[in-house]
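Take a look at this one; I'll ask things after.
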Amino acid sequence: MRLYNTLTRQEEEFAPLRDDTVRMYTCGLTVYARGHIGNFRTFVALDLLRRTLREVAGYMVRQVMNFTDVDDRTILESNKAGVSLREYTDRYVAAFREDAEALGLEAVEENPRATDEDNLRSMVEMIQSLTANGHTYESDGSVYFKISSLSDYGKLAHLDHEGIQPGARIDSDRYEKDDARDFVLWKATSPDEPTWDFGCGPGRPGWHIECSAMALRLLDGAPIDIHAGGVDLVFPHHENEIAQAEGATKETFSRFWVHVEHLLMDEGVKMSKSLGNVFTVQDVLDKGYRASALRYVLLSVHYRKQLRFNWGSLDQAEEALKRLFGCLARLEELTGGETHDEVAERVEAARADFAAKLRQDLNVPGALGVVFELIRFVNTSIDNDELGQGDAAEVLAAFDEFDKVLGVISLRRAEEAQPGVPVDEIEQLIADRKAARARRDFAAADAIRDDLDARGVALEDTPAGTTWKRK
RNA sequence: GGCGCCGUGGCCAAGUGGUAAGGCAGAGGUCUGCAAAACCUCCAUCCCCGGUUCAAAUCCGGGCGGCGCCUCCA
């Protein structure tokens, strides 16, 4: 499939290097707080990539997504909360899992945590290799990476050395760095901070080293196929990961780099606490929106374009999903009828188009267009009595196939299974209403419908009888 | 200041050389006890100005506007 590679700044043909397995590392969450919907925009996009590689491109996928469970913020917040770092970060690992499940994110093969001993040991080993290769220096108990020792440093971010503003952030108080761009590999700790000592002296890992080390440890060495994350990670995080991994192994770290653009709020600004516009998945659900609608919003804009989030987009997504589900319901209720070659042809064409869009650098919005074009065709065919039960089975199979990538139908089905009113009661009320209509007591009939409507269940009269659905 | 991205109908959003997918909203119509759903019809020439080309939303140049990174960040 075609995939845009940040390393070359162009779209390239992607295929895994070894066997038919894509080895992919995706930067996960720093678990100092609950992830917000901007974080999950990235995770949903990467979930789509994972599913597309498997379902459309036909590869196996081995994906690693980490939890950064040690850094300045996690340490600070756990101290404030008065609990251990592990206990504190456990909470947000659990919160992430809850939100991920709500959004229908597939579980990935590995979710390593930076502070697991195996991982810390591999970080230390990598630092030792870097030292052996002459890429490090020590200062005040901390180990730094020496930028000037690696000639192609900067190849990902394409920042020339002069372009990096010195002075913007210098650890002028405690650490002595040779160059403003040098970064810490192993950080000396103060007595009250979590500290490990596996060979680099007492301290804790720098921010970047965990990803380099865990990616190579869990994905069987360099080069891995894909490394991905949000755009903000391009520099310095990913640039530094490359420096570490390549400085240590002298091999290409990752063949492809995939970056997901940001989600912005209404006014075109990033979410930030100071602006009070940070929203979590739970916040969205608490406002009464459904997770399936949120997933739809997050996947309905191409991953390399900024997504301007506003609450109205959730309403639009809700309506679009209702249209999709209305079509599914009609298909499922169809009985009898002929089978038509034209339907089979249209379904086949839609499948091919859908796959082609995704193969083109994950064009999910384009693929959604294909889905809705098929919906119109199906609805028209049913209206004209040109679609039989046999056809319906084929169309439904196609939708199932689409959903293996989109993951939004299965998500909503699970929601639909839990209406606000018990199914038995709904069915009883439908029967009561039918009786009222039979005696032409439309006031009573409408009262039942209005009552259910108010409780979140919509009734629709069709030639085959009355159906209900959750609103 | 350096690097980069973006600007498509009322809103959201594909398309990147051959005369504008799709979703939402809106108008009219069919159907209906009324609704709902569904269907049909209508609703853009692609920020502006030049240029290249038989042909440009799509390529080049220049503007205007928005955003990101360069500093913790998905």
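Below, read A as the first sequence line, B as the second, and so on, with proteins coming before strands; counting in each chain starts at 1. Treat the numbers as computed from the prediction; the structure is a model and nothing was measured.
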_Pairing check on B:rG65: which nucleotide meets the Watson-Crick or G-U wobble criteria with it, both distances under 3.5 Å?_
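In the structure as shown, B:rG65 has B:rC6 as its Watson-Crick or wobble partner.
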*Out of B:rA13, B:rA74, B:rC39, which has the shortest distance to the side chain of A:V301?*
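Of the options given, the side chain of A:V301 lies nearest B:rA13.
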*asked:* In whole Å, I'd like the distance from the CD atom of A:E318 to the C1' atom of B:rC11.
replied: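 Distance check: A:E318 CD to B:rC11 C1' gives 17 Å.
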*asked:* Would you say A:E11 and A:N5 are linked by a side-chain donor-acceptor pair, where the criterion is simply a distance under 3.5 Å?
replied: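 Judged by distance alone, the side chains do not pair up.
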_A:W257 vs A:Y25, test: ring pair (Phe, Tyr, Trp, His ring centres under 6.0 Å). Steps then yes/no._
CA-CA 10 Å; A:W257 288 83; A:Y25 186 92; 9.3 Å; no
*Would you please say whether a donor-acceptor pair under 3.5 Å links the side chains of A:E415 and A:S292?*
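Short answer, yes.
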*Spacing between A:K469 atom NZ and B:rA35 atom P, to the nearest angstrom*: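 After rounding, the gap between these two atoms is 18 Å.
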*Closest nucleotide of RNA chain B for A:H302 versus for A:N384: which of these residues is on the 5' side?*
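That would be A:H302.
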*Integer-rounded Å distance: B:rA74 C1' and A:H238 NE2*: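 So the NE2-C1' distance, A:H238 to B:rA74, works out to 9 Å.
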*Between B:rA21, B:rU8, B:rA38, which nucleotide gets closest to the side-chain atoms of A:E373?*
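Of the candidates, B:rA21 comes closest.
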_Nearest to the side chain of A:R437, heavy atoms from C-beta on, is which of B:rC34, B:rG23, B:rA37?_
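In terms of side-chain proximity for A:R437, the closest of B:rC34, B:rG23, B:rA37 is B:rC34.
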*Tell me, which of residues 97-109 of chain A have any heavy atom that sits under 4.0 Å from an atom in RNA chain B?*
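Correct list: empty, so none.
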*Nucleotide paired to B:rU52 in any strand shown, Watson-Crick or G-U, under 3.5 Å*: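 In the structure as shown, B:rU52 has no Watson-Crick or wobble partner.
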*When A:V61 is tested against each of A:L53, A:V108, A:T52, A:L49 for side-chain contact (heavy atoms from CB on, under 4.5 Å), which residue passes?*
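When side-chain contact (heavy atoms from CB on, under 4.5 Å) is applied between A:V61 and each of A:L53, A:V108, A:T52, A:L49, only A:L53 qualifies.
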_Step-by-step side-chain hydrogen bond (donor to acceptor under 3.5 Å, both in side chains) determination, A:T68 to A:N66_ = CA-CA 6 Å; A:T68 296; A:N66 69 303; 3.2 Å; yes
*For RNA chain B, whose closest nucleotide is more 5', that of A:N310 or that of A:Y4?*
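Closest to the 5' end, via its nearest nucleotide, is A:Y4.
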*Please determine if a side-chain N or O atom of A:R308 lies less than 4.0 Å away from the OP1 or OP2 oxygen of B:rC67.*
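For A:R308, the contact criterion (side-chain N or O under 4.0 Å from OP1 or OP2 of B:rC67) is not met.
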*Determine the Euclidean distance between corresponding C1' atoms of B:rG62 and B:rA21; express it in Å to zero decimal places.*
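Approximately 32 Å lies between the C1' atom of B:rA21 and that of B:rG62.
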*Return the value, rounded to whole Å, for the distance between atom CD1 of A:I382 and atom C1' of B:rA38.*
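My rounded result for the distance is 9 Å.
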*Considering only the C1' atoms, how many Å lie between B:rU32 and B:rC42, rounded to the nearest integer?*
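Nearest-Å result for B:rU32 against B:rC42 at atom C1': 23 Å.
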*Across all strands shown, which nucleotide pairs with B:rG17 by Watson-Crick or G-U wobble geometry, both distances under 3.5 Å?*
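Pairing partner: none.
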_For A:D47, the option from A:T42, A:T26, A:L105, A:L103 that meets side-chain contact (heavy atoms from CB on, under 4.5 Å)_ =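 With A:D47 as partner, side-chain contact (heavy atoms from CB on, under 4.5 Å) holds for just one option, A:L105.
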*Output the single nucleotide from B:rA74, B:rC39, B:rA14 whose closest atom is nearest the side chain of A:N363.*
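Between B:rA74, B:rC39, B:rA14, the one nearest the side chain of A:N363 would be B:rA14.
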*Test for a donor-acceptor pair under 3.5 Å between the base of B:rC11 and the side chain of A:Q316, counting only N and O atoms.*
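Donor-acceptor pair under 3.5 Å: yes.
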*B:rA55 and B:rU19, which share atom name P, separated by this distance in whole Å*: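 So the two P atoms sit 15 Å from each other.
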*How far, in whole Å, is B:rC47 from B:rA38 if one measures between their C1' atoms?*
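Those two atoms are separated by 38 Å.
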_Listed nucleotide nearest any side-chain atom of A:P365, set B:rC69, B:rA14, B:rC39_ =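 Among B:rC69, B:rA14, B:rC39, the one nearest the side chain of A:P365 is B:rA14.
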*asked:* Check this one for me: any side-chain N or O of A:S313 less than 4.0 Å away from OP1 or OP2 of B:rC11?
replied: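 Answer no for this pair, as no side-chain N or O of A:S313 is under 4.0 Å from OP1 or OP2.
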*Strictly by modelled atom types, are A:R113 and A:T89 linked by a side-chain donor-acceptor pair under 3.5 Å?*
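A:T89 and A:R113 do have a side-chain donor-acceptor pair below 3.5 Å.
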*Does A:R449 get its side chain close enough to the base of B:rA35, under 3.5 Å, for a donor-acceptor pair?*
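Yes, the side chain and the base share a sub-3.5 Å donor-acceptor pair.
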*asked:* Which nucleotide wins on minimum distance to the side chain of A:D461, given the candidates B:rG33, B:rA14, B:rC72?
replied: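 Comparing B:rG33, B:rA14, B:rC72 against the side chain of A:D461, the answer is B:rG33.
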_P atoms of B:rG23 and B:rA37, separation to the nearest Å_ =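 So the two P atoms sit 15 Å from each other.
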*asked:* Taking the minimum atom-to-atom distance to the side chain of A:D383, which one of B:rG4, B:rC34, B:rA38 wins?
replied: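 Of all the options, the side chain of A:D383 is nearest to B:rA38.
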*With distance as the sole test, does A:D140 use its side chain to make a donor-acceptor pair with the main-chain N or O of A:S142 at under 3.5 Å?*
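No, A:D140 side chain to A:S142 backbone: no donor-acceptor pair under 3.5 Å.
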_Roughly how many Å apart are B:rU58 and B:rG17, using the C1' atom of each and rounding to a whole number?_
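B:rG17 and B:rU58 have their C1' atoms separated by 6 Å.
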*Going by distance alone, is a donor N or O of one side chain under 3.5 Å from an acceptor N or O of the other, for A:E386 and A:S381?*
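Side-chain D/A pair, A:E386 to A:S381: absent.
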_Both distances below 3.5 Å, Watson-Crick or wobble geometry, any strand: find the nucleotide opposite B:rA25._
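Matched B:rA25 with nothing under the 3.5 Å cut-off.
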_Side chain of A:H158 - closest among B:rG23, B:rC72, B:rC3_ =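 In terms of side-chain proximity for A:H158, the closest of B:rG23, B:rC72, B:rC3 is B:rC3.
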*Between B:rC70 and B:rG63, how far is it from one C1' atom to the other, in whole Å?*
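The answer is 26 Å between these two C1' atoms.
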*asked:* As a test of reading the structure: which of B:rA21, B:rA25, B:rA38 is closest to the side chain of A:R323, going by heavy atoms?
replied: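 Closest nucleotide among those given: B:rA38.
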*Going by ring centres under 5.5 Å and near-parallel planes (under 30°), is A:F372 stacked on B:rG23?*
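Whether judged by distance or by angle, A:F372 falls short somewhere, so it does not stack on the base of B:rG23.
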*Pair partner, B:rG1 [Watson-Crick or wobble, under 3.5 Å]*: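 Answer to the pairing question: B:rC70, which forms a Watson-Crick or G-U pair with B:rG1.
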*Select one nucleotide: of B:rC3, B:rG23, B:rA38, the one nearest the side-chain heavy atoms of A:N379.*
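Selected nucleotide (nearest to the side chain): B:rA38.
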*Taking the six-membered ring where the residue is Trp, are the ring centres of A:F253 and A:H227 under 6.0 Å apart?*
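Between A:H227 and A:F253, which both carry aromatic rings, the centre distance is below 6.0 Å.
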*Taking CG from A:D446 and P from B:rA36, how many angstroms apart are they, rounded to a whole number?*
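Whole-Å distance recorded here is 12 Å.
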